[in-house]
Amino acid sequence: MDHETSMLLLKNMLRVRTMEELCAELYTQEKIRGFLHLYIGEEAVAAGVISLLSENDNVLGTYREHAHALLKGVSAKEIFAEMLGKIDGCSKGRGGSMHLYSASHRFFGGTAIVASGIPQAVGLAFAAKRLNENRQTVCFFGEGAMAEGAFHESMNMASLWKIPMLFCCENNFYAMGTALSRSQSQTDLVLKAKSYVMEADVVDGMNVFEVVEKTKKALEYIKTEKRPYFLEFKTYRFRAHSMFDPDLYRDKSEVEKWKEKDPINFLKLEISKTLNPEVFYKEFEELSNEIRREMTEAVEFAESSKLEEFSDLEKEVL
Amino acid sequence: MDHETSMLLLKNMLRVRTMEELCAELYTQEKIRGFLHLYIGEEAVAAGVISLLSENDNVLGTYREHAHALLKGVSAKEIFAEMLGKIDGCSKGRGGSMHLYSASHRFFGGTAIVASGIPQAVGLAFAAKRLNENRQTVCFFGEGAMAEGAFHESMNMASLWKIPMLFCCENNFYAMGTALSRSQSQTDLVLKAKSYVMEADVVDGMNVFEVVEKTKKALEYIKTEKRPYFLEFKTYRFRAHSMFDPDLYRDKSEVEKWKEKDPINFLKLEISKTLNPEVFYKEFEELSNEIRREMTEAVEFAESSKLEEFSDLEKEVL
Amino acid sequence: MKITYREALREGLKESLKTFQNSFLIGEDVGAYGGTYAVSKDLLNELGSDKIIDAPLSENGFTGLGIGAAMGGMKPIVEIMTVNFIFLALDQIINSAALIKFMSGNKLSVPVVFRMTTGGGRQLAAQHSNSFEGWLAHIPGLKILTPSCIEDARYMLVYAMKENNPIIIMEHALLFNQSGEYRENISDFNLYKANIVKEGSDLTLITYGGMLPRCLKACEEMQKKGKSVELIDLRSLRPLDSETIFASLKKTHRVLIVDEGWKSGSLSAEISARIMESSFYDLDAPVMRLCRKEIPIPYARNLENFIIPQCEDIVLKLEEMLK
Amino acid sequence: MKITYREALREGLKESLKTFQNSFLIGEDVGAYGGTYAVSKDLLNELGSDKIIDAPLSENGFTGLGIGAAMGGMKPIVEIMTVNFIFLALDQIINSAALIKFMSGNKLSVPVVFRMTTGGGRQLAAQHSNSFEGWLAHIPGLKILTPSCIEDARYMLVYAMKENNPIIIMEHALLFNQSGEYRENISDFNLYKANIVKEGSDLTLITYGGMLPRCLKACEEMQKKGKSVELIDLRSLRPLDSETIFASLKKTHRVLIVDEGWKSGSLSAEISARIMESSFYDLDAPVMRLCRKEIPIPYARNLENFIIPQCEDIVLKLEEMLK
Ligand SMILES: Cc1ncc(C[n+]2csc(CCOP(=O)(O)OP(=O)(O)O)c2C)c(N)n1
Ligand SMILES: Cc1ncc(C[n+]2csc(CCOP(=O)(O)OP(=O)(O)O)c2C)c(N)n1
Ligand SMILES: [Mg+2]
Ligand SMILES: [Mg+2]
């Protein structure tokens, strides 16, 4: 991978990390309320996958979707404004952390019912196929979602009807406090996907190079074969499930072990191997400053944005 | 298989066939109303499987469950009375054809929501396991049901929690008018089952010997390994889906080809090979007469049974 | 032109699929089988498999697919075979279809139509005789239509297709073989306005869907007895056309609601409560309700008829209220 | 003894699991995680994995499992994490649990208890703020309980466990940190009787669940203004204790219902309709309703508070009705 591309990936991962850390702060300050699910630790997945998509492509996420929205093009300003419940938020402050939407960026949520976005993604991909539109459809979900009936029904329809789309399972090994091995009889998720007669592969989700490489392969297959593809990204969330979660169900040592694979540190190290450390250090400093500026401005913007008035509520239900 | 056992199987298959043909007649006479789904052509499956069960075991069926109820021990009288909507019916005439129940025979329906019995069967088996009861739990469903989320969730739970039970898929290749290959991406149903890390096998459902042999093996596995097992019975319904179905979606020739494999004719032929044809002819005549008597009496019983009064309805809701 | 309700539905469906370029019908057995109630009979041949899609038994899945396709620029008609199976799809309908427009800050919309058969009265027993159309009218973000006359069967879908948000159309199983006329050229078709089926002065009888024919018959019986009953067919259960109701009772001062749903929490309760709030002083007597008794529907005909309001029950109630 | 609603629920749950030999709790994250709302915290350790079962994300599946296990002789407590996910399990609850006893000719029963958190008011946005307890009270064959005081949180489950049919207990998210007393020895506990929380003579205020504390506060405000409001906590939404309501309004002649559900088709409509039918001539003024506005719940606090009735809204309404 060329230096520029690597640096862009690093930048995007750092943007996500910085944004998420700020979210945690704002939550402590009680400026963000409700449920808040952070993506810290998993950045390589969204950054790698979405780096291969264009404006035109469809993306659907879960309630752990800040990264996906940001990287799909929704501005940090709109995201923070949303999380602060302000009118300039990408969902006018009505959705909050779990329901980021942006029609213009073809970012279709932000859904808080586990697995409910999956059949909708099949529908988006179905529409793209039927309307002969040149766009990919990518759907993100956790490994926990794979136990839901909605997953099963969606995989079958997508494979049966040869609907071109990418299923991205972010396997962080836990669904809230429930470890994968305690909730699914088949823990090899690629085998699960293949049982629907769908191409599938497993990816080290802490290594953004591998994420990019395998996603590229998948997207090419989807384009040429006009069929769906399933990728399992093995990754880990460094934080608790949500800000409410006391995180009692996993060993601190397990968390620490995964932190050694921090996808950002990994990428920094890889890049730093390829050039003069001082040059890299400088580039990295600049990057960090730029990101800090972007995010600080975004938070300022969000704080100064207004609350929505009541007048549009009723009339925008239908 | 010894002669007696074979003859018993034949008898039971004939009982079912005779009962179902009478049902069709009663439907034409408008004595049975609502939906009516016949099992004609599939008799070897229920007869073979249930021949290996005892009173103590749990059975759950679908709306195509007359055979299963009868063979589990519910009397033809109670079944016909039910289908005629009479108080002596096994569900007091409240259930009709699709909702035969008998607590004393541990026959748990009779459910008309496709796949909804499957998780309930898991629950029955779970209870038997937890209460240390020595009973098997057997659940019947069609291949169409396997597309439902409920199937997926049930298979996962049963396998994950090692719940001893037998999943019996009656694959008659159609779900109403929808052929298996038009509705599921993976048409090898055994592979589908195995993707949940469950033992599974395919059975020629028109050959009652094979049904018995493979079911026996499955039940032994379940008992010794204390785990679930999945059997796919390839079979065919000779009649339309229900009495409403114009049967436009399959070739007459396909139906005729399957009729050549009629499970009753097959068994008759096999038995007749092992003994003097005249002896068999006589035995068969006796059998047929006995069955005709049983069923005629049952219909008479049903016709003379009373309608339920209104007084218990409200108080038996809760 | 005299046709059956079934034919009218089929004509409306065909027109909708032909007129709206990005439309398609998806559901169980809508194609090769021809539709459980033969509404889409032959359409697979006539319109092709791009327009008529047989779905696997996956109500949640293909409902979600319809919602996604709607967000992606298509105009899906999702058929849930009968209302009894809607629970399997209800998460998609209530937690997504009904919310996304509002929750996305009005930036997305979900222009999908859900069609399904509803109602009891055919000896199909408890799991296949539900009447949830009134109950579902609780959900903001959904519209619920109940065609009960031939013209509505013919046009409601066509007009619903022009709307930009989720609409549920509930076709009543008892009506499929009814026949009647409809106008070929209509200019004043309004999806959401209640219809005064018969004018009257002594009492306002409010109903919808499958109960309409027996209510009409009851009105005729009452006419013979010299009582003039005004009959309102709600047509749309959400939005609910309260104005037509209030105007009628200003004239009659008495109201009976006949609702096929179980009484407690049925739509009839909402209507009564609205009258209480807005027209209390117009009433000469309390608003009464005649509903399904609060019992699951049994298979046996005598029991089913006992539970679902019959013409005679309506007449009796009307007599009681008008004596 | 003064404890929180959460602790009271936990005590009741623990007692239920200990007392009823064949009982178990199944649901998402009830074990290792300790329950989303910490109601089952530490119970996995205390009672073991036979009693506390962490389920996969399979609401339909484990609800069906609970129903089957109940038919098989056990006494399951099925936790749906929150009411928002109930749609995924609703087919099992409505088309099986609620019907099987009746449909089987009274030969089987389904002694299962479903527990779930309900309600809005915590900035969880549209998909996580539903209030469907009143709406679900439509279904024959189900009982719906809404503990709103500490004593009910402590005992309702324990008493529900003694019943032989499906019961849904809805625990309101806003109440978990409320604290108060409960009696240790009770002999007169009745699951289905409404509770007169405060006696009064000018108006009857009817509510349930999460709205109770703000209604009580509103009554106190009114007291300061010299108005005496009688406050009824319904406790059980199905069966509904109409008698207590009718008796109260015979005294007060005025009724306001505060219901967290969306107005149209909410339980408040049923209550108003029943009063219409049975106590019309006892009323000095129309029964009024204060409900959730018919809008999905937005995340922003100002918007959410606008939609869900607040104490001030209740006071305003009471003033209007009593001026
Ligand atoms: C249908 C449904 N059930 C339960 C929940 C509560 N819940 C929210 S997130 C979650 C865990 C999901 O785990 P996974 O799919 O692995 O995604 P992750 O949070 O690990 O990214 C649960 C149980 C929900 N939101 N929706
Ligand atoms: C959830 C649900 N969806 C649809 C139906 C309508 N329906 C009844 S039977 C059936 C086909 C089921 O096929 P299969 O499972 O293969 O069983 P078979 O009838 O072939 O024995 C359908 C679609 C239903 N009863 N329940
Ligand atoms: Mg996870
Ligand atoms: Mg089949």
Side-chain angles (χ1 to χ4, degrees), chain A residues 32-35 63 82-87 89 91-99 109-116 142-152 174-180 182-185 241-242 244-250 307-310 313-318, chain D residues 27-38 40-42 44-45 49 53-64 81-82 84-89 91-92 120-130 173 176 262-263 293-307:
Chain A
I32 296 177
R33 305 304 300 263
F35 288 150
Y63 44 85
E82 187 58 36
M83 292 203 263
L84 266 58
K86 302 296 185 70
I87 183 94
S91 311
K92 287 203 201 172
R94 298 179 189 167
S97 158
M98 303 197 289
H99 302 294
T111 169
I113 307 292
V114 169
S116 69
E143 86 297 338
M146 289 177 64
E148 290 281 5
F151 170 79
H152 172 70
Y174 289 87
M176 288 189 57
T178 306
L180 175 58
R182 294 181 64 236
S183 69
Q184 284 177 51
S185 60
H241 168 74
S242 75
F244 281 139
D245 169 13
D247 212 341
L248 303 169
Y249 45 81
R250 51 182 194 178
L307 295 171
E308 185 181 357
E309 305 283 334
F310 305 146
L313 295 179
E314 196 137 9
K315 62 184 184 230
E316 290 184 0
V317 174
L318 270 177
Chain D
E28 288 156 16
D29 291 301
V30 295
Y33 188 97
T36 323
Y37 290 88
S40 52
K41 192 151 183 273
D42 296 328
L44 177 59
N45 281 337
S49 61
I53 302 173
D54 275 324
L57 273 145
S58 302
E59 287 80 2
N60 184 304
F62 68 76
T63 300
M81 191 183 281
T82 78
N84 308 287
F85 316 141
I86 199 176
F87 297 114
L88 297 166
D91 172 63
Q92 286 293 335
R122 308 203 318 147
Q123 287 197 257
L124 299 180
Q127 289 186 335
H128 273 65
S129 303
N130 286 309
F176 282 98
W262 287 305
K263 190 169 189 180
K293 291 192 180 65
E294 306 207 19
I295 300 171
I297 298 289
Y299 161 71
R301 177 181 296 275
N302 64 320
L303 308 182
E304 180 169 39
N305 286 352
F306 170 70
I307 292 173

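Every chain is numbered from 1 and lettered A, B, ... according to where its sequence line falls, protein lines coming before strand lines.
- Put simply, of D/Thr36, D/Leu124, D/Leu57, the one with the most heavy-atom pairs under 4.5 Å next to chain A is D/Leu57.
- When each of A/Leu248, A/Leu313, A/Val114, A/Leu318 is scored by its heavy-atom pairs under 4.5 Å with chain D, the top score falls to A/Leu313.
- Heavy-atom distances place no part of A/Asp247 under 4.5 Å from chain D, backbone and side chain included.
- Evaluation of the salt bridge (Lys or Arg N to Asp or Glu O under 4.0 Å) rule for A/Glu316 yields A/Lys92, A/Arg94 as partners, not counting sequence neighbours.
- Taking the salt bridge (Lys or Arg N to Asp or Glu O under 4.0 Å) definition, one finds that D/Arg301 meets it with nothing, sequence neighbours left out.
- Listed here is the closest heavy atom pair of A/Leu307 and A/Gly85: CD2-O, 3.5 Å.
- Heavy-atom distances place the backbone of A/Met83, and not its side chain, under 4.5 Å from chain D.
- Interatomic distance, D/Glu59 CD to D/Met81 CE, rounded to the nearest 0.5 Å: 8.0 Å.
- No side-chain N or O of A/Ser183 forms a donor-acceptor pair with one of A/Thr178 less than 3.5 Å apart.
- For a residue to count as touching a neighbouring chain, one of its non-hydrogen atoms must lie under 4.5 Å from one of that chain's; by this rule A/Ala179 does not touch chain D.
- Contact of A/Met98 with chain D is made through the side chain alone, with heavy-atom distances under 4.5 Å.
- For chain A, no part of D/Glu304 is nearby; none of its heavy atoms comes within less than 4.5 Å.
- Neither the backbone nor the side chain of D/Phe62 comes within less than 4.5 Å of any heavy atom in chain A.
- Here A/Tyr249 and A/Tyr174 bring their ring centres to under 6.0 angstrom of each other.
- Neither the backbone nor the side chain of A/Leu180 comes within contact range of chain D; no heavy atom of the residue lies under 4.5 Å from a heavy atom of that chain.
- In this structure, no portion of A/Ser91 lies under 4.5 Å from any heavy atom of chain D.
- The two residues A/Ala112 and D/His128 come nearest to each other via the heavy atoms O-CE1, 2.9 Å.
- Within 6.0 Å of the NZ atom in D/Lys293, the count of heavy atoms belonging to other residues, nucleotides or ligands exceeds 12.
- Using a 4.5 Å cut-off between heavy atoms, D/Asn60 makes no contact with chain A at all.
- Proximity to chain D (any heavy atom under 4.5 Å) is shown, for A/Gln184, by neither the backbone nor the side chain.
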